[in-house]
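Convention: sequence-line order gives letters A, B, ...; per-chain numbering from 1.
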Number of protein chains: 2
Amino acid sequence: MIRIALDAMGGDHAPHTEIEGAILALREYPPAFVVQFVGQRPVIEAELAKYSDLDRSRIEITHAPDTIGMGEKPLSAVRRKPQSSIVVGLTLQQRHSSDAFVSAGNTGAMLAGSTLLLGLHDGVERAAVGALLPTVSGPVLLLDAGANVDCTARELTGFAHLGSVYLRDVLQRPNPTVGLLNVGEEEEKGGVIVKEAFHLLKQSTPKLNFIGNVEGRDILAGHEKFGRVDVVVCDGFTGNVVLKFYESVIRLLMHLVQSSAPKMWEDNEVRTAFHMLDYSQYGGSPLLGVKGISVICHGSSNSNAIKNAIRVAVQSVESQLSQHIAAEFAAGVATRSA
Amino acid sequence: MIRIALDAMGGDHAPHTEIEGAILALREYPPAFVVQFVGQRPVIEAELAKYSDLDRSRIEITHAPDTIGMGEKPLSAVRRKPQSSIVVGLTLQQRHSSDAFVSAGNTGAMLAGSTLLLGLHDGVERAAVGALLPTVSGPVLLLDAGANVDCTARELTGFAHLGSVYLRDVLQRPNPTVGLLNVGEEEEKGGVIVKEAFHLLKQSTPKLNFIGNVEGRDILAGHEKFGRVDVVVCDGFTGNVVLKFYESVIRLLMHLVQSSAPKMWEDNEVRTAFHMLDYSQYGGSPLLGVKGISVICHGSSNSNAIKNAIRVAVQSVESQLSQHIAAEFAAGVATRSA
């Protein structure tokens with residue numbers, strides 16, 4: 001049985017959303033996993049009590065009296081609060097009592113905690129947050145989406161490998177295309193670090209299916225020549241800006257359609273079109289490079305997003321994502337340009 | 001009479017689109033300006049001949065036998081092709097025979113040519129491309145949108161001043177809010193350069209209406225506390241990625257609505273909602289910091305975008321944008337943090 005630990009105290013509407021999402025996941029997905037709620041036991045029990053005739057056979061609770069708030073400084077909070085739900089949840093995995101951890105809590109604390117408690121695979125210089133962006137031809141993975149504001153060329157190259165393994169394992173794309181986010185397609189575009197990353201990535205072909213530089217427009221529309229860009233590599237500054245910008249565009253457009261053409265919103269096809277662009281269908285963002293599985297959810301996640309994050313965690317464990325990342329980096333990645 | 005030079009050979013559908021756009025502008029806007037077409041005279045004349053009973057009283061042609069292609073290296077093309085439409089058009093302004101130049105041609109050549117031929121105002125370290133992004137509460141200016149991939153903190157501070165003058169002069173917003181694009185609101189967020197820029201900008205208050213760090217989501221949705229962010233400051237790498245990403249999201253959504261619910265597209269309200277988000281209504285992106293007026297249009301601009309770019313150029317001249325930028329920088333901008 002796969003064991004998915006879930007931070008019950010994490011998101012903006014915890015524990016209600018987390019528990020609802022977990023119950024949806026338990027009902028809808030194949031019964032290959034148990035959910036380990038991590039948080040204040042009485043609060044979790046009170047919330048669970050709201051569900052009549054709930055099957056508790058695949059529900060566990062691990063008590064964690066403390067919580068880390070959204071505004072707390074990540075690293076010091078992780079160090080000062082060993083009894084917080086994030087630290088307790090990750091420690092379960094560190095001690096092999098759990099296979100994955102999912103949280104909609106303080107993102108920085110998830111990053112710091114996962115790196116400290118799980119550690120990085122040999123050869124991985126930095127862990128990266130992978131954000132799945134919906135496109136008409138299926139999701140693409142943008143990374144790093146916010147863990148590292150400044151990145152070296154070697155780190156960017158590492159992200160390409162992390163993303164490629166994720167795409168192969170979790171999205172079943174055997175030979176994922178990798179693009180380096182830049183301001184133009186030509187090899188000489190971008191600053192010093194991006195140019196160096198271009199050469200390292202080029203050198204990593206054919207181990208990586210590197211298609212070259214891609215531009216902002218290619219993220220969602222695909223590359224003119226190579227089509228969908230499965231893995232879009234960038235530093236965490238650019239990735240974070242793009243991700244948050246994207247979320248706001250979709251919300252803005254839904255708002256516009258709803259307010260300017262309410263009749264349109266009654267149309268099932270239109271709602272389906274917008275749903276296709278709703279990030280919550282992908283649930284959470286995997287933190288890639290750590291020894292284990294750590295899935296970071298948006299603080300404002302709804303129960304659908306939590307449900308899907310649990311699915312992502314289960315798939316990551318089933319497909320042996322962490323082991324495959326270890327193997328990818330053990331085989332060596334390009335660290336010096338020709 | 002204000003003299004607007006227009007590169008007739010610039011865009012993907014030149015000269016048809018340029019000439020159609022100019023004729024629309026001449027017909028629709030107050031008759032305070034003349035259009036100076038720059039390009040191959042026979043080609044321009046042949047295109048103009050397609051318009052019967054055209055009033056030629058506000059149309060001039062300056063012959064430029066050569067063109068700079070989209071794929072040419074900007075700086076060397078500008079140097080090697082003194083007879084190209086871009087160089088000839090900018091030279092008109094340099095010699096005080098024109099007040100503004102608009103082109104949908106090679107963006108890099110426009111940047112290099114404008115900087116070389118017009119020069120920068122004293123105190124301006126780098127010129128910046130300002131991109132107008134539509135939001136529900138009116139356009140916001142994102143800069144730099146692609147002229148400078150790497151920027152120093154001082155240059156970012158300069159962009160804030162350039163953008164503020166533009167907002168006051170051309171968009172008539174007397175006290176524009178300025179936000180520094182970052183991965184979080186807190187002062188300590190971001191890399192070294194962005195942190196330094198934060199302090200320089202803070203020091204520039206109240207001359208600048210600096211509201212602090214803003215995130216990707218705030219660009220279109222506005223800041224939670226301060227509302228619309230009139231000027232969003234970032235380096236040209238991030239700005240270029242965001243701009244191109246934005247254009248592709250809007251196209252993707254229009255495509256989705258058109259294909260999933262074609263009947264909806266017949267609804268005026270729906271089209272109006274999308275039109276609100278269509279960047280072509282703003283026409284072109286001003287290159288700010290040069291001595292004069294230079295407006296850069298998208299290569300794929302339609303005639304509506306060209307028409308609006310001419311309007312932007314006229315407004316920039318009328319409002320004395322270039323003189324006001326000179327005055328802003330002559331008064332000194334913060335160049336050292338406290």
Legend entry - Pairwise distance CZ(A/Phe245) to CG(B/Leu142) - rounded to 0.5 angstrom: 8.0 Å
Inset, instruction - Indicate yes or no for a side-chain donor-acceptor contact from B/Lys244 to the backbone of A/Gly184 under 3.5 Å, with no hydrogens or angles considered. - result: no
Legend entry - Flag side-chain contact, heavy atom, 4.5 Å: B/Lys73 against A/Glu186: no
Legend entry - B/Ile219 versus chain A, the contacting section by heavy-atom distance below 4.5 Å: side chain
Legend entry - Contacts of type side chain to side chain contact (heavy atoms under 4.5 Å, CB included), residue A/Glu187, not counting sequence neighbours: A/Phe198, A/His199, A/Lys202
Inset, instruction - Give me the contact list for residues 145-153 of chain B versus chain A, heavy atoms only, anything under 4.5 Å, ordered by residue number. - result: B/Val149, B/Asp150
Legend entry - Sorted by number, residues from residues 233-243 of chain B in contact with chain A (heavy atoms, under 4.5 Å): B/Gly236, B/Phe237, B/Thr238, B/Asn240, B/Val241, B/Val242
Legend entry - Pairing residues for A/Glu155 by the salt bridge (charged side-chain N to carboxylate O under 4.0 Å, His left out) criterion, not counting sequence neighbours: A/Arg126
Inset, instruction - Name the member of B/Thr135, B/Val183, B/Leu181 that forms the most heavy-atom pairs with chain A at distances under 4.5 Å. - result: B/Val183
Inset, instruction - Of all the heavy-atom pairs spanning A/Ser248 and B/Gly216, show the shortest one and how long it is. - result: OG-O, 4.1 Å
